[in-house]
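Before any comments, here is the structure.
Every value quoted in this text rests on a predicted model; they were computed, and no experiment measured them. In the text below, chain A, chain B and the rest are named by the order of the sequence lines, each starting its count at 1.
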There are 2 protein chains.
Amino acid sequence: MRQTDFMILGLLGESPLSGYQIKKIVDIRFRFFWSESFGQIFPALRSLASEGMIEEVPADGAQKRGRKTYRITPAGTEALKHWLMQPVEKETYRLEILLKMYFSNYVEPEAMLNHMQAFQAAHRQQLYILDRFQKEVEGIIDRDENHGEVLRVIDCGQKLNRAYLEWSRETIVYLERKKNNAAKNS
Amino acid sequence: MRQTDFMILGLLGESPLSGYQIKKIVDIRFRFFWSESFGQIFPALRSLASEGMIEEVPADGAQKRGRKTYRITPAGTEALKHWLMQPVEKETYRLEILLKMYFSNYVEPEAMLNHMQAFQAAHRQQLYILDRFQKEVEGIIDRDENHGEVLRVIDCGQKLNRAYLEWSRETIVYLERKKNNAAKNS
DNA sequence: CGGCGCATGTAACTTGTTACATGATTCC
DNA sequence: GGAATCATGTAACAAGTTACATGCGCCG
């Protein structure tokens with residue numbers, strides 16, 4: 001079983017979902033720390049179902065279009081719990097922006113400045129989405145849910161994005177100064 | 001050409017290196033934002049050499065053991081510059097700790113607490129390494145180098161790790177409170 | 001002279017992305 | 001009726017990891 005499988009089990013543990021809905025949740029709510037493509041989700045759903053970890057929910061009248069909804073089985077819940085108790089192994093980062101920054105003395109500060117501006121805009125947007133998500137979760141009165149854990153995850157995203165934004169601001173100042181110095185000396 | 005190729009071109013742009021040395025640099029200096037395995041580096045070196053982007057440095061007397069040292073060629077430098085000017089496309093994260101945190105209401109707070117403690121220790125260590133790296137770079141008087149850029153990258157790592165540490169502290173407090181509440185209600 | 005660390009390399013495998021094909025439904 | 005969106009799926013490819021094989025040189 002791969003990471004994708006456990007991500008699916010986790011989401012289905014909250015409520016039954018279709019592959020398409022899972023993809024949407026990952027793209028929006030998990031965006032700052034996770035990603036999946038359809039090419040992973042659909043094959044994973046099939047294999048999880050064949051292993052008895054999840055099962056298709058029989059279509060009732062309200063079923064929309066060709067949608068296939070899955071729910072977790074007791075075996076799936078056990079597998080999820082087991083995974084949750086195992087130590088975290090994989091932490092994958094690959095921040096191209098930092099690689100480019102590291103080597104950027106090869107090109108004009110101008111180029112890097114453009115990258116940084118795009119980076120800043122993306123993370124400002126992400127922080128905005130997280131702030132709204134936070135308010136949404138806090139607005140739900142319902143207890144006995146996993147709100148505490150979700151809020152902890154959102155908080156991590158906010159902290160990371162604030163760190164990125166502060167770093168962008170300072171780095172943009174640095175690059176602008178460098179650019180002006182280069183202009184003076186020419 | 002893949003990301004790995006440009007990472008190698010970037011490093012060889014600073015000084016000639018062997019595959020093994022490249023791996024060591026990535027593991028230590030780039031650890032908080034990048035990773036590569038030998039299985040990527042060696043094939044990449046071979047293909048870059050066959051494309052004329054890099055070339056083997058003729059072995060002189062001081063050459064150590066079976067070491068093969070490569071240096072960048074003018075064609076390689078051009079390719080590197082071109083890549084540096086292209087917009088950043090890929091930003092890959094996969095933070096398993098956050099996925100587990102999100103779904104952790106399925107298991108005892110105790111389990112998550114162990115994960116968080118390991119996480120905190122790892123990032124404390126990483127921050128320590130970055131602080132030392134920063135001092136090392138600042139200690140070199142030599143100008144006309146890429147120190148400014150390197151320090152900007154280190155600064156990003158420090159900010160991210162400080163964010164992780166603050167988040168761990170708060171999250172550990174949260175989990176301990178949850179654990180104590182569970183104990184009282186039993 | 002045995003073990004460790006340096007050093008290179010590959011094959012098999014796992015994982016993940018991309019591009020495409022298909023078709024239903026909703027909305028204008 | 002045409003466009004956009006919802007929805008599922010697959011095949012080909014690209015990327016990345018792991019485990020292994022090999023051998024040199026240094027140190028005790």
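Protein atom CD1 of A:I41 is 14 Å distant from nucleotide atom C1' of C:dT15, rounded to whole Å. When rounded to the nearest whole Å, the span between CD of B:E56 and P of C:dA7 equals 15 Å. Atom pair B:R67:CZ and D:dC26:C1' shows a separation of 14 Å (rounding to whole Å applied). Distance, A:I25 CD1 to D:dC6 P: 14 Å, rounded to whole Å. Distance CZ (B:R2) to P (D:dG16): 8 Å, rounded to an integer number of Å. Separating the CD atom of B:E96 from the P atom of C:dT15 is a distance of 12 Å, rounded to the nearest angstrom. Following rounding to the nearest Å, A:Q21 (CD) and D:dG9 (C1') show an atom-to-atom distance of 17 Å. Atom pair B:I22:CD1 and C:dC6:C1' shows a separation of 15 Å (rounding to whole Å applied).
When the nearest nucleotides of DNA chain C are assigned to B:G19 and A:T4 by heavy-atom distance, the more 5′-ward of the two goes with B:G19.
With C:dG9, C:dT15, C:dA7 as the candidates, the nucleotide lying closest to the side chain of B:R46 is C:dG9. For B:F42, whose side chain is taken as the heavy atoms from C-beta onward, the closest listed nucleotide among D:dT10, C:dT8, D:dC6 is C:dT8. Here the nucleotide nearest the side chain of B:Q3, chosen from D:dT8, D:dT10, D:dG16, is D:dG16.
Between B:K135 and B:D131 there is no salt bridge, since none of the side-chain N atoms of the basic residue sits less than 4.0 Å from a carboxylate O of the acidic one. With respect to the salt-bridge test (charged N to carboxylate O, under 4.0 angstrom), the residues A:E170 and B:R152 qualify. A salt bridge links A:R94 to B:E36: one of the charged nitrogens lies within less than 4.0 Å of a carboxylate oxygen.
More than 12 heavy-atom neighbours from other residues, nucleotides or ligands sit within 6.0 angstrom of CZ on A:R162.
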Can you give me the N/O atom pairs linking the protein to nucleotides 17-21 of chain C at distances under 3.5 Å, or say none if there are none?
{"unit_1": "C:dT17", "atom_1": "OP2", "unit_2": "A:Q40", "atom_2": "OE1", "d": "2.6"}

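In plain terms, the two heavy atoms of B:L11 and B:V26 that are nearest each other are CD1-CG2, 4.4 Å.
Side-chain N/O atoms of A:K68 include one lying less than 4.0 angstrom from OP1 or OP2 on D:dG9. Under 4.0 angstrom from either OP1 or OP2 of C:dC6 there lies at least one side-chain N or O belonging to B:Y20.
Of the candidates A:K24, A:R31, A:K23, A:R29, A:K23 is the only one forming a salt bridge (charged side-chain N to carboxylate O under 4.0 Å, His left out) with A:D27.
Taking the six-membered ring for Trp and the full ring otherwise, B:F6 and A:F103 have centroids separated by 6.0 Å or more.
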